[in-house]
Protein chains: 2
Amino acid sequence: MQLTTFTDYAFRLLIYLALDPERTATITEVSDYFGVSRHHMVKVVHRLGQGGFITTTRGKGGGLKLARKPADLKLGEVIRWMEPSLSLVECQHQGKEGRCRAAPSCRLNGILDRAMAAFLATLDRHSLADAIPPNGNSMARQDVISLPHANASPIAGKSK
Amino acid sequence: MQLTTFTDYAFRLLIYLALDPERTATITEVSDYFGVSRHHMVKVVHRLGQGGFITTTRGKGGGLKLARKPADLKLGEVIRWMEPSLSLVECQHQGKEGRCRAAPSCRLNGILDRAMAAFLATLDRHSLADAIPPNGNSMARQDVISLPHANASPIAGKSK
């Protein structure tokens, strides 16, 4: 039971942007920073843009920024928007008359729905601001400097 | 975000057995009933046996039965035992010093842990008995009769 890489990368990108919300980042910089495929990150950026989580501007000085304050961006929203499905088992995808022959006698679906609701409710009580340290920027700066290959970081870039 | 097929099949098998707990079923019968790979179901049976969820006996008259009453088998236990991992994102697999460079500044892990705990707590409040109808056996019998190819069902078998 895992989130997709798509959602994982979305969280990474949002956290990266939240660490220095005033600064405009680029896709190349973010994908280099995390050592992940730029192609994959382009798709994540597109999806987050569509959902109103980030703004993207083209041209010189353009790039990515959070569309909202970190405190106004609930973590549950991110999962609901990024995950292709929150149906935990096959028969939930396919409705009550799905492929599982036990479906007519099975009450598991409703219980799994309630468990998923509890999962999302917990995430809805937390914002992106809770996912970074209270003194995010300065702390992150220190972390990044202590890591190898820090050239791709917006924060390391600033502190050079 | 989905449970593995392994866990999905475990739930199907447990529900199948719970619908008629006194009867001994066979792996072939269960995999035929659900139209799933027997090979896969053998692995599920082995794992559920190891976890003390079902008993398996060899030879004539042998087969599968629940090791406990449905009411004594919490659904959260099944997921904890069957899922290869309950780490929602890559960095949770690898600990705090995992591959994600944002890990030192990231507080998402702890929030995801709390969300997963809420998910499992909901499932721990429900037993296998809650996953079948209160009048499980008779209701299931009717369901199965109304389905095509009912020959593989233990319940249809009884009602022949």
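Chain identifiers are assigned alphabetically (A, B, ...) following the order of the sequence lines, protein sequences preceding nucleic acid strands; residue numbering begins at 1 within each chain.
Note: L3(A) leads T4(A), L120(A), L3(A) in heavy-atom pairs under 4.5 Å with chain B. In terms of non-hydrogen atom pairs under 4.5 Å with chain A, the most contact-rich of I111(B), V36(B), D130(B) is I111(B). For the set R125(A), M116(A), H126(A), E83(A), the count of heavy-atom pairs under 4.5 angstrom toward chain B peaks at H126(A).
Looking at heavy atoms from C-beta onward, R114(A) lies in side-chain contact with T122(B) at the 4.5 angstrom threshold. Residues L75(A) and L112(B) fail the side-chain proximity criterion, which asks for heavy atoms closer than 4.5 Å. Taking the side chain as every heavy atom from C-beta outward, Q2(A) and L88(B) never approach each other to under 4.5 Å.
Residue H46(B) qualifies as open at atom NE2: its count of foreign heavy atoms under 6.0 Å is 12 or below.
For L128(B), no part lies near chain A; criterion is any non-hydrogen pair under 4.5 Å.
Residue A115(B) comes nearest to L123(A) through the heavy atom pair CB-CG, 3.8 Å, listed as atom of the first residue, atom of the second, then distance.
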